[in-house]
2 protein chains.
Amino acid sequence: MVDVARAAGVSHQTVSRVLNGHPSVAPATKARVYGAIEELGYRRNPAARALVTRRSHVIGVVSFGTTLYGPASTLFGIEQAASRAGYFVSVASLEAIDRQHVREAVARLSEQSVDGVVVIAPQQEAVDALSEVPAELPVVVVEGGEGAGRSLVCVDQAAGAALVTRHLLEQGAPTVWHVAGPVDWLEAQARTTGWRRELEDGGAKVPEPLHGDWSPASGYACGQVLAERADVRAVFVANDQMALGVLRAFHERGVRVPGDVLVAGFDDVPEAAYFTPPLTTIRQDFTAVGHRSIDLLLGQIDHGDQESRMEVVPPELVVRQSTIGQPRH
Amino acid sequence: MVDVARAAGVSHQTVSRVLNGHPSVAPATKARVYGAIEELGYRRNPAARALVTRRSHVIGVVSFGTTLYGPASTLFGIEQAASRAGYFVSVASLEAIDRQHVREAVARLSEQSVDGVVVIAPQQEAVDALSEVPAELPVVVVEGGEGAGRSLVCVDQAAGAALVTRHLLEQGAPTVWHVAGPVDWLEAQARTTGWRRELEDGGAKVPEPLHGDWSPASGYACGQVLAERADVRAVFVANDQMALGVLRAFHERGVRVPGDVLVAGFDDVPEAAYFTPPLTTIRQDFTAVGHRSIDLLLGQIDHGDQESRMEVVPPELVVRQSTIGQPRH
DNA sequence: GTAAGGATTGTTAGCGCTAACAATTGCCTC
DNA sequence: GAGGCAATTGTTAGCGCTAACAATCCTTAC
C-alpha cells in the first residue's frame, strides 16, 4: 500500500480511503491512486484488513450430506448469494449429524473468525446443538426447526406434502400410503405431518407410514412391503430417491405404475422426469433458500438485526405420469 | 493473548510458543498456559496469524456443476482431506465454465489470499485459463487435462470406458454404440477415446457416437435415435444420468434392456442400482480424488514441491442387470 | 480583511500475532 | 570454581491495514 501511495504521490491513508470509497477524496487523486494500483497490480491484504476491522468477510456453512441433491443445491445457492454480496464461503461438511459434530464444526468455523454461519440442520439434534453456540455469532438455520431462537429459512415441507397428498386423492385414490424419511429428520417429520393432516381433512383413513433412510435401497425395501398389500392404491414417498426404489420394487412384482398404484415423490431431482414412469413430485426452490438465508445473515451481520425471523419458501407440485389416471377398481 | 500470558504468569511469546508447539517450553509452563487458555476460553486470532505468517490456512476450490454427483462428491472429499490437515476450504462455484469465469474465480480466491487452489476443471478451456494464473500460486487441477504445467489428479476415464466396453463385447455384443458427453468436456473426450480404442483392439466396427449434454433429457433424445436402429445391441452411455434417459426412451419404444440391448453408464450414482433395470456402470472413487489433490496441494504449499505430478485413480466396473445375458440374435 | 467552516490530505497509533534476538537459569566439564 | 552449553523465557519489532485525530487549503460570509 505504501508503494501505491508513493507511486501516486499521496499518503497510504489516502490509498486506503480510495479503496474504501471514502467520500472526501478529490477525483483527480482517486484517479491517480487507481492508476498506481493498476500499474503495480496491487491487492490489499485481507488478513490485515480483517485484523483491524474485525470483519473477515467470510461466512461459514455447516452442511450435511452434501452429495445429496438438496443440500448440494442449497450450498450452491448460498455460495452464489454470498459471493454477490462480497462474502466468501467456507464450508464445513459434517460426517455425522449430532450435537458433537455440529458443535465442532461451528467451533472450527468460528476459530476461523467467520462473520456468521449458515447451518443446514435437518435434524432436531443439530438445532439443539446450536444452543451452545455463543449468541453473539450471527447464525441462520436452514431446513431446521424452530426453538433455537435463531432465524430460519425453510421450504414449507408440510404444505408440499399436503399438495401431493391432495393431488393423489383427487386422482381417485381412497387413501394415500406414505414412505417416510428417518424419524429424526425434521423434513421427514414435516412431510409426514402434512400428509396426515391432508388425509384427515379429506376424511381418508390414515395408514401406518413406513420408514426409510432416504436411500433408494430403503425405498426398495418399503416398496416390497407395499407391493404385497392389495389395498394400496397410492403412495407418497418422502423423497425421489426412495421413490425410485419403490418404483423398482413395484416393477419387479408386476405392480404397474400408474395403472395399479399411483406413486409420487418429493424434491424433483433432475432424474425424476426420466424415471419409469416419470415421477410426480414436489419441487423445492433451493436457490431461493440459499439467497434468503444470506439475506437474513447479512442483516444480522451488517445491521445487527437481533430478532429471529423466519422465511418460508413455498413448494410446487410437478405432476408427471406416475400419478396420472385412475387407479384400478 | 496477553490476558492468557498474565493469567499464566508468562510472557505472551511463551503463550505463542505453546500454541505453536515450540519444542523448548517447560512442561509445567505448558500446563499452566493451557490451563489459562481453557479458563479464559481464549482462541487465537487467525487474521493476526495470517498477517504475520503469510499463511491463511485456507485453500480455495474452484468448482463447477456442484449439484451433480461427481463434482459434489469430489468437493466433499476435498473438504474432508483439507479439514484433517488443518485447512479451511473456501468455495467459488462457477456459473459457466470459460476462461473469463475461471480467471475471475481464481482472482476472487487469491484476493482472499488462499494458500493454494484446487480447480475442478472438466473442460480444456478451464485448464487453459490457468496459464494466466501466477505460477507462484500452488494449484492442483482435478479432472482436467495436462498442459497447464500444473499437478493433476484424475480418474482414469479412458480405462473406465475401456473396461465397460470390453465387458459389453464379452457379453456377446458385436459392437458397442456410444452416447458421449459434450465434446468440450475432457472427461467426455477421454471416455470416448477409451471406448473407441477398446473397440479397435477387439476388432469391432466403431459406430458414430451420439452426443448429449450429461442431462437425462439429452440421453432420452439419443435413446430415441438408437431405438430406431435395428443394429444396436449394446450402448455405453457416458454418464448414469443420460443412461437413465436412454433407458426411458428404450422402455417407451418397447426395446427391452438387457433382452434386446445392453446398456451401461458411468459414475455409479447412488440411484443406478435402482434404475429399471439396475445399471452396469463405472464407479469412481471421488473421495480418493479429493484426498490426493489435497496431498499434492499441501506438498506444494508446505514443501515447495515445484515439479508437476500426476495422480491417476483407477476406476472400477460394477456389473448389474442392464448388461447381463446375451443380446438377441 | 478575517474568521468560520468544509473539503482534502497527512500523521500517529494500534489491531493480535510471530520471528529474531537477548537474557536468564541450571547443569556439566575440567 | 570458571567457562561453556543447552534449555527456557523475555523483549522488541514489525506484518499491512484502518480509525482517530491533526493539519492544510480553499470558500464563503460578514
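So you know, we letter chains A, B, ... as the sequences are listed, proteins then strands, and number each from 1. For clarity, every value in this text was computed on a predicted model and none was experimentally measured. In what follows, every heavy atom counts, from backbone to side chain, and hydrogens, waters and symmetry copies are set aside.
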Using a cut-off of 4.0 Å on non-hydrogen atoms, how would the nucleic acid contact of [X] be classed: base, sugar-phosphate, or nothing?
{"X": "Ser11(A)", "value": "base"}
{"X": "Thr53(B)", "value": "sugar-phosphate"}
{"X": "Val2(B)", "value": "nothing"}

With a 4.0 Å cutoff (strictly under), does any side-chain N or O of [X] reach OP1 or OP2 of [N]?
{"X": "Arg44(A)", "N": "dT18(D)", "value": "yes"}
{"X": "Asn20(A)", "N": "dT18(D)", "value": "yes"}
{"X": "Thr29(A)", "N": "dT8(C)", "value": "no"}
{"X": "Thr14(B)", "N": "dT9(D)", "value": "no"}
{"X": "Arg49(A)", "N": "dT18(D)", "value": "yes"}

Rounded distance (Å) that lies between atom [atom2] of [N] and atom [atom1] of [X]:
{"X": "Arg32(B)", "N": "dT8(D)", "atom1": "CZ", "atom2": "P", "result": "13 Å"}
{"X": "Leu19(A)", "N": "dA19(D)", "atom1": "CG", "atom2": "C1'", "result": "16 Å"}
{"X": "Ile37(A)", "N": "dC17(D)", "atom1": "CD1", "atom2": "P", "result": "10 Å"}
{"X": "Arg6(A)", "N": "dG10(C)", "atom1": "CZ", "atom2": "C1'", "result": "16 Å"}
{"X": "Lys30(A)", "N": "dA7(C)", "atom1": "NZ", "atom2": "C1'", "result": "13 Å"}
{"X": "His12(B)", "N": "dT9(D)", "atom1": "NE2", "atom2": "C1'", "result": "12 Å"}
{"X": "Leu51(B)", "N": "dC17(C)", "atom1": "CG", "atom2": "P", "result": "12 Å"}
{"X": "His22(B)", "N": "dA7(D)", "atom1": "NE2", "atom2": "C1'", "result": "10 Å"}

Worksheet, complete the sentence: Out of dT9(C), dC17(C), dC17(D), minimum distance to the side chain of Val52(A) belongs to dC17(D)
Tabulate atom names and distances for all N/O pairs under 3.5 angstrom spanning the protein and nucleotides 20-25 of chain C.
none

Does any part of the side chain of [Y], heavy atoms only, come nearer than 4.5 Å to the side chain of [X], both counted from C-beta?
{"X": "Arg150(A)", "Y": "Val133(A)", "result": "yes"}
{"X": "Phe64(B)", "Y": "Ile97(B)", "result": "yes"}
{"X": "Glu104(B)", "Y": "Gln100(B)", "result": "yes"}
{"X": "Val10(A)", "Y": "Thr29(A)", "result": "yes"}
{"X": "Leu94(B)", "Y": "Val62(B)", "result": "yes"}

Worksheet item: If each of Pro27(B) and Arg54(B) is mapped to the nucleotide of DNA chain D with the nearest heavy atom, which maps nearer the 5' terminus, i.e. the 5' end?
Response: Pro27(B)
Discussion item. Looking at Thr67(B) and Ala72(A), would you say the former's side chain and the latter's main chain have a donor-acceptor pair under 3.5 Å?
Written reply: no
Discussion item. Pairing donors with acceptors under 3.5 angstrom, does anything connect the side chains of Ser56(A) and Gln112(A)?
Written reply: no
Practice prompt. Write down the atom of Gln300(A), the atom of Ser151(A), and the distance for their closest heavy-atom approach.
Written response: NE2-OG, 3.6 Å
